[in-house]
Amino acid sequence: AFSVSLSPPMDAATVSTVQKIPLLTVKAGPRDAAWPERLKEEYAALIKYIQINKDADNDWFSIESNADGTTWTGKCWMVHNLLRYEFDLRFDMPVTYPANAPELELPELDGKTAKMYRGGKICLTVHFNPLWARNVPHFGIAHALALGLGPWLSVEIPDMIAKGSVVHSNS
């Protein structure tokens, strides 16, 4: 049986959630003949992850892809001090996928934190990318959201709110 390597240490709730997301088996990127099979696995894992979140009353993103599964767009949100902050989410599947994770973008936050690259791409290099590399091809989009974007939002958004670089839309 395959076992996922989840170091560095993370909180028990994240580990529990990630262990419920189906692992992917097809090692194919957008230019490979097996991409449609990989895409089916991606959708199945995303559907499962969304259901896990809904069951835990932790719904925090919506996402859809273009017809060939190479460009993804949606929204992500978090509640901080009883206020909901919502952001556009987008990413393209890299040609080297699944060897390399997609670069998740929150364009409206571009330039508001040092933990972001040009264009609003969130910085995942130190913690997430080594984790992804150890789990190729078993991790997919759902894992990138659960282990990359979710933790990034929970740390960075409250900090940006405290610094005044993110302001609630009702303010």
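Please read these numbers as outputs of a predicted model, since none were measured by experiment.
The aromatic rings of W132 and F139 sit perpendicular, their planes meeting at an angle over 60°, well past the 30° parallel limit. Ring geometry for W35 against Y97 counts as perpendicular: the plane angle is over 60°, on a 0 to 90° scale with 30° as the lower cut.
Of all the heavy atoms in H80 and P158, the pair that sits closest is CE1-CB, 3.6 Å. Contact between P151 and A146 at its shortest, heavy atoms only, is CD-O, 3.2 Å. Residues G140 and L24 approach most closely at N-CD1, 4.0 Å, considering heavy atoms. Among all heavy-atom pairs drawn from P137 and P98, the shortest one is CB-CG, 4.0 Å. A pairwise comparison of heavy atoms in L104 and A144 identifies CD1-O, 3.9 Å as the closest pair. Counting all heavy atoms, side chain and backbone alike, W77 lies closest to D59 at NE1-O, 2.9 Å.
In this structure, the separation between NZ on K112 and CD on E156 is 13.5 Å, given to the nearest 0.5 Å. Between the CE atom in M160 and the NZ atom in K115 there is a gap of 10.0 Å [rounded to 0.5 Å]. Note that CD1 of I52 and CD1 of I47 are 12.0 Å apart. Values are rounded to the nearest 0.5 Å. Between I50 atom CD1 and S62 atom OG the span is 8.0 Å, to the nearest 0.5 Å. Note: F128 CZ to C123 SG = 12.0 Å, rounded to the nearest 0.5 Å. From E37, atom CD reaches atom CG of D32 across 12.5 Å, with rounding to the nearest 0.5 Å.
Annotation: salt bridge (Lys or Arg N to Asp or Glu O under 4.0 Å) contacts involving residues 68-79, sequence neighbours excluded, comprise K75-D88. Residues in residues 121-133 take part in these salt bridge (Lys or Arg N to Asp or Glu O under 4.0 Å) pairs, two or more places apart or across chains: E103-K121.
Between F61 and L149, every side-chain heavy-atom pair lies at or beyond the 4.5 Å cut-off. Taking the side chain as every heavy atom from C-beta outward, I21 and K48 never approach each other to under 4.5 Å. Y85 is not listed as a side-chain neighbour of S169, based on a closest heavy-atom distance of 4.5 Å or more. Under the 4.5 Å side-chain criterion, counting only non-hydrogen atoms from C-beta, T25 is in contact with E41.
Panel note: side chain D110, backbone L106; no donor-acceptor pair is recorded below 3.5 Å. Between the side chain of N66 and the backbone N or O of T70 there is at least one donor-acceptor pair closer than 3.5 Å. Side-chain N or O atoms of R84 include none that pairs as donor or acceptor with a backbone N or O of V79 at under 3.5 Å.
Under the side chain to side chain contact (heavy atoms under 4.5 Å, CB included) rule, F91 has a single partner from I63, I122, T71, which is I63.
In the hydrophobic clustering of this structure, V136 groups with M93; members are Ile, Leu, Val, Met, Phe, Trp, Tyr whose side-chain heavy atoms approach within less than 4.5 Å, directly or through other members. Under the 4.5 Å side-chain heavy-atom criterion for grouping Ile, Leu, Val, Met, Phe, Trp and Tyr, L83 is connected to V166 within one hydrophobic cluster.
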key: Residues I157, M78; criterion side-chain contact (heavy atoms from CB on, under 4.5 Å); working and verdict   = CA-CA 8 Å; I157 298 303; M78 71 168 296; 3.3 Å; yes
request  = With side-chain contact (heavy atoms from CB on, under 4.5 Å) as the test, would you mind laying out the steps for W72 and L46 before giving the verdict?
outcome  = CA-CA 12 Å; W72 295 73; L46 277 166; 3.7 Å; yes
request  = Go through the steps to decide whether Y49 and T17 satisfy the test side chain to side chain donor-acceptor pair (under 3.5 Å), and finish with yes or no.
outcome  = CA-CA 8 Å; Y49 182 42; T17 298; over 6 Å; no
key: Trace of the side-chain contact (heavy atoms from CB on, under 4.5 Å) decision for L145 with L89   = CA-CA 11 Å; L145 296 172; L89 168 65; 4.1 Å; yes
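Residue R31 qualifies as open at atom CZ: its count of foreign heavy atoms under 6.0 Å is 12 or below.
With respect to the salt-bridge test (charged N to carboxylate O, under 4.0 angstrom), the residues E42 and K40 do not qualify.
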